[in-house]
Enquirer: 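Have a look at this one before I ask anything.
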Amino acid sequence: MSNKEAAAASNFIRQVIDEDLRNGRNDGRVATRFPPEPNGYLHLGHAKSICLNFGIARDYGGTCNLRFDDTNPEKENVDFVEAIKQDVRWLGFDWTDLFFASDYFDRLYGFAEDLIRAGKAYVCDLDAEQMREYRGTLTEAGRDSPYRERSVEENLDLFRRMRAGEFGNGERVLRAKIDMASPNINLRDPTLYRIRRGAVHHQTGEAWPIYPMYDYTHTISDALEGITHSLCTLEFEDHRPLYNWFLDNLDVPAQPRQYEFGRLNLEYTVLSKRKLTELVAEGHVQGWDDPRMPTIAGIRRRGFPPAAVRDFCERIGVTKSDGMVEMALLENSVREELDASAPRAMAVLDPLRVVIDDYPEGRVESVTAANHPKDEGMGSRGIPFTRELYIDRGDFMEVPPNSKFKRLVLGGEVRLRNAYVIRCDRVVRNETGDIVELRCSHDSATLGANPEGRKVKGVIHWVSASHGVPAEVRLYDRLFNIPNPGAAKDRDWRADLNPESLVTVQAVLEPSLAEAPVGSRFQFEREGYFCVDNVDSAPGRPVFNRTITLRDTWAKLAARG
RNA sequence: UGGGCCGUCGCCAAGCGGUAAGGCACCGGGUUUUGAUCCCGGCAUUCGCAGGUUCGAAUCCUGCCGGCCCAGCCA
């Protein structure tokens with residue numbers, strides 16, 4: 001990581017840590033953890049949490065564990081586990097220790113018996129619906145379960161039989177005995193264990209017929225790992241009293257503190273695992289790694305550099321307010337990183353044939369092009385220049401729309417990037433009147449030199465027609481047409497998917513691009529940043545994904561009218 | 001409606017009783033063989049609103065208003 005990233009912006013959590021350090025809490029230790037459930041792929045929201053947790057460990061010389069919160073076997077699997085590990089590493093982080101909450105199942109069970117012995121937990125026979133009725137509502141207190149006052153002996157016996165697999169799913173649960181009248185619903189005797197007989201857990205197989213719930217598991221896992229600062233998102237604020245209840249009532253080896261921050265909301269996309277799962281399951285995208293997805297796998301395939309994602313997370317900050325970040329902020333981070341790191345190349349996305357009539361047929365000249373305008377260290381390359389070329393259709397207009405237009409027009413001149421100034425002498429059309437070819441002439445004195453006595457204000461890119469390499473290029477755009485899909489309660493969030501989020505074109509690449517390695521990123525000059533797709537490319541036959549366009553003030557001006 | 005939390009520029013966000021950082025976006029202007037990059041300049045007399053405390057309030061107090069979260073044997 002660069003020095004620029006070294007100084008992370010402060011935030012309220014770092015202030016808490018600074019204060020704790022000043023007061024000598026935790027013997028000066030700082031220990032965090034990133035606790036994903038392996039039931040889906042990581043997305044940009046997780047990236048924020050990863051940067052926060054691992055970033056704090058890095059900056060304070062502390063530790064950060066990766067811990068899979070795997071207490072719901074029916075929704076989790078090892079593929080997600082592996083994908084998550086890969087995504088964390090790709091973001092540039094490495095964990096101190098790797099754990100599974102399931103590593104603690106034995107100890108978790110033991111703590112549950114402790115709670116029972118202390119009269120602080122009981123086995124409840126109410127079914128799910130009854131339990132809901134007994135729970136009360138947001139404004140009315142709940143009622144005690146009729147099973148609440150069972151003896152310790154009976155509770156212990158019943159719980160052991162739950163563990164032994166004697167009861168069916170849903171027949172009984174273990175609950176904490178707290179307060180059915182609490183205004184905080186999480187404290188109304190929350191479920192600690194439920195029966196999931198027959199489920200095959202990806203780590204523990206069929207060893208357990210009962211599984212612990214999130215709040216219980218998470219708190220104890222944090223304590224067992226000696227986590228000092230347990231960071232989670234705002235929706236768990238109400239759970240903090242329960243988190244602390246476990247710490248107060250269990251003989252755990254540490255007293256972690258929980259702090260909550262606002263989750264990331266990004267315009268023109270969705271960041272909920274449920275919705276992302278549906279996009280994949282319903283075929284709206286081609287998979288978790290579809291380049292339109294805000295998943296880590298998706299943006300990786302799209303070509304976002306990990307440093308750009310880290311920079312973005314740094315810029316959005318960490319607070320308790322629940323905001324909506326503009327896509328422009330992410331795009332800025334991506335462009336900034338790519339501008340500095342991506343070698344330049346030329347590719348024509350919408351080819352229009354150009355014939356330079358006064359350039360010798362069969363002649364192939366190698367013109368030299370810098371790989372980066374500001375970084376000579378990136379070297380240069382030769383590009384074949386020939387009589388017949390392709391330019392982009394959008395770079396020619398028979399009559400200019402206004403005086404600001406500085407591309408090629410009939411009778412006008414333009415600079416071919418890295419090559420000659422040409423003039424368009426004639427337009428060739430087919431039977432239906434479409435322009436199929438431009439006949440041009442060139443000024444042989446303008447290779448690496450400005451023309452004498454006149455100014456040529458436009459520069460366009462090109463590729464040799466005889467040497468260019470045809471390739472599939474995928475132009476990606478925002479996934480949704482509106483900034484906040486799902487915000488309107490009476491409209492299905494899927495209704496605002498952008499049907500043009502993927503447009504595939506057949507482009508012509510300069511020859512040097514043919515052997516570009518999978519994953520490599522380039523700036524196609526005047527177009528945008530592109531990377532070699534890591535799934536569909538074949539040796540010598542790259543497929544390019546457009547990561548993002550270049551900023552385009554001309555398009556902005558044109559749209560303005 | 002009970003509880004928890006949040007309101008500082010279009011967006012994100014500093015600010016922690018001494019008189020509104022920064023980034024993004026936007027608007028000019030300059031450089032440029034990418035309408036990119038880069039550079040220079042502009043962009044909150046005011047901090048949700050109303051009172052109060054104070055020599056002094058975005059910061060403290062009170063009351064409103066607006067937004068988010070919670071009634072899984074999900075996490």
Enquirer: As a test of reading the structure: which of B:C74, B:G35, B:G23 is closest to the side chain of A:Lys404, going by heavy atoms?
Expert: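 The answer is B:G35, which lies nearest to the side chain.
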
Enquirer: Check whether any side-chain N or O of A:Thr191 sits under 4.0 Å from OP1 or OP2 of B:G72, and answer yes or no.
Expert: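 The answer is no; no side-chain N or O of A:Thr191 sits under 4.0 Å from OP1 or OP2.
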
Enquirer: Among B:A36, B:G3, B:A75, which is the nearest nucleotide to the side chain of A:Tyr214?
Expert: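 For the A:Tyr214 side chain, the nearest candidate turns out to be B:A75.
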
Enquirer: Any salt bridge linking A:Glu510 with A:Arg344? Criterion: basic side-chain nitrogen under 4.0 Å from a carboxylate oxygen.
Expert: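 No salt bridge links A:Glu510 with A:Arg344.
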
Enquirer: Can A:Asp189 and A:Arg148 be counted as an ion pair, charged N to O under 4.0 angstrom?
Expert: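 Looking at A:Arg148 together with A:Asp189, the answer is yes, because their closest N to O distance falls below 4.0 Å.
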
Enquirer: Is any side-chain nitrogen or oxygen of A:Lys457 closer than 4.0 Å to OP1 or OP2 of B:U32?
Expert: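 Answer is no, no contact under 4.0 Å.
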
Enquirer: Test side chain to side chain donor-acceptor pair (under 3.5 Å) on A:Asn265 and A:Asp322 and set out the steps.
Expert: CA-CA 8 Å; A:Asn265 297 299; A:Asp322 173 42; 3.0 Å; yes

Enquirer: Side chain of A:Phe405, heavy atoms from C-beta onward: which of B:G35, B:G2, B:U34 has the nearest atom to it?
Expert: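 Looking only at side-chain atoms, A:Phe405 lies closest to B:G35.
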
Enquirer: Can you tell me the pairing partner of B:G63 across any strand shown, Watson-Crick or G-U wobble, with both distances under 3.5 angstrom?
Expert: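 Result: B:C49.
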
Enquirer: Under 4.0 Å between a Lys/Arg side-chain N and an Asp/Glu carboxylate O for A:Glu37 and A:Lys75?
Expert: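 Salt bridge: no.
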
Enquirer: Can you check whether A:Arg551 has a side-chain N or O nearer than 4.0 Å to OP1 or OP2 of B:A25?
Expert: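 For B:A25, OP1/OP2 do have a side-chain N/O of A:Arg551 under 4.0 Å.
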
Enquirer: Picking from B:C68, B:A36, B:C70, which would you name as closest to the side chain of A:Leu138?
Expert: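 Nearest to the side-chain atoms of A:Leu138, counting from C-beta on, is B:C70.
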
Enquirer: Kindly point out which of B:C5, B:C73, B:U34 is positioned nearest to the side chain of A:Glu237?
Expert: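 Out of B:C5, B:C73, B:U34, the nucleotide with an atom closest to A:Glu237's side chain is B:C5.
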
Enquirer: Syn or anti: how is B:G7 classified when any glycosidic angle within 90° of 0 counts as syn?
Expert: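 Base orientation relative to the sugar is anti.
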
Enquirer: Just compare B:A36, B:G2, B:C74 and give me whichever is closest to any side-chain atom of A:Arg344.
Expert: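 That would be B:A36.
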
Enquirer: Can you classify the ring geometry of A:Tyr109 versus A:Phe159 as parallel (below 30°), tilted (30 to 60°) or perpendicular (above 60°)?
Expert: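 Ring orientation of A:Tyr109 relative to A:Phe159: parallel.
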
Enquirer: Would you tell me if any nitrogen or oxygen in the side chain of A:Arg196 comes within less than 4.0 Å of OP1 or OP2 on B:C74?
Expert: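 For A:Arg196, the contact criterion (side-chain N or O under 4.0 Å from OP1 or OP2 of B:C74) is met.
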
Enquirer: Name the closest nucleotide to the A:Asn72 side chain, picking from B:C74, B:C6, B:A71.
Expert: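 Nearest to the side chain of A:Asn72 among the choices is B:C74.
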
Enquirer: Which one, B:C24, B:G15, B:A71, comes nearest to the side chain of A:Gln15?
Expert: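 Minimum distance to the A:Gln15 side chain belongs to B:G15.
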
Enquirer: If you compare every side-chain N and O of A:Ser333 against the phosphate oxygens of B:C24 (OP1, OP2), does one of them come in below 4.0 Å?
Expert: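 It does not, given that no N or O in the side chain of A:Ser333 lies less than 4.0 Å from OP1 or OP2 of B:C24.
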
Enquirer: Which one, B:C12, B:A75, B:G3, comes nearest to the side chain of A:Asp238?
Expert: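 Between B:C12, B:A75, B:G3, the one nearest the side chain of A:Asp238 would be B:G3.
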
Enquirer: Check the geometry between A:Trp554 and B:G35 and answer yes if their rings are stacked (centres below 5.5 Å, planes below 30°), otherwise no.
Expert: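 The base of B:G35 is stacked with A:Trp554 (centres under 5.5 Å, planes under 30°).
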
Enquirer: Of the nucleotides B:A36, B:C73, B:A14, which one has an atom closest to the side chain of A:Thr319?
Expert: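 Selected nucleotide: B:A14.
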
Enquirer: So, does the side chain of A:Arg407 form a donor-acceptor pair with the base of B:G35 at under 3.5 Å?
Expert: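 In this structure, the two groups form a donor-acceptor pair.
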
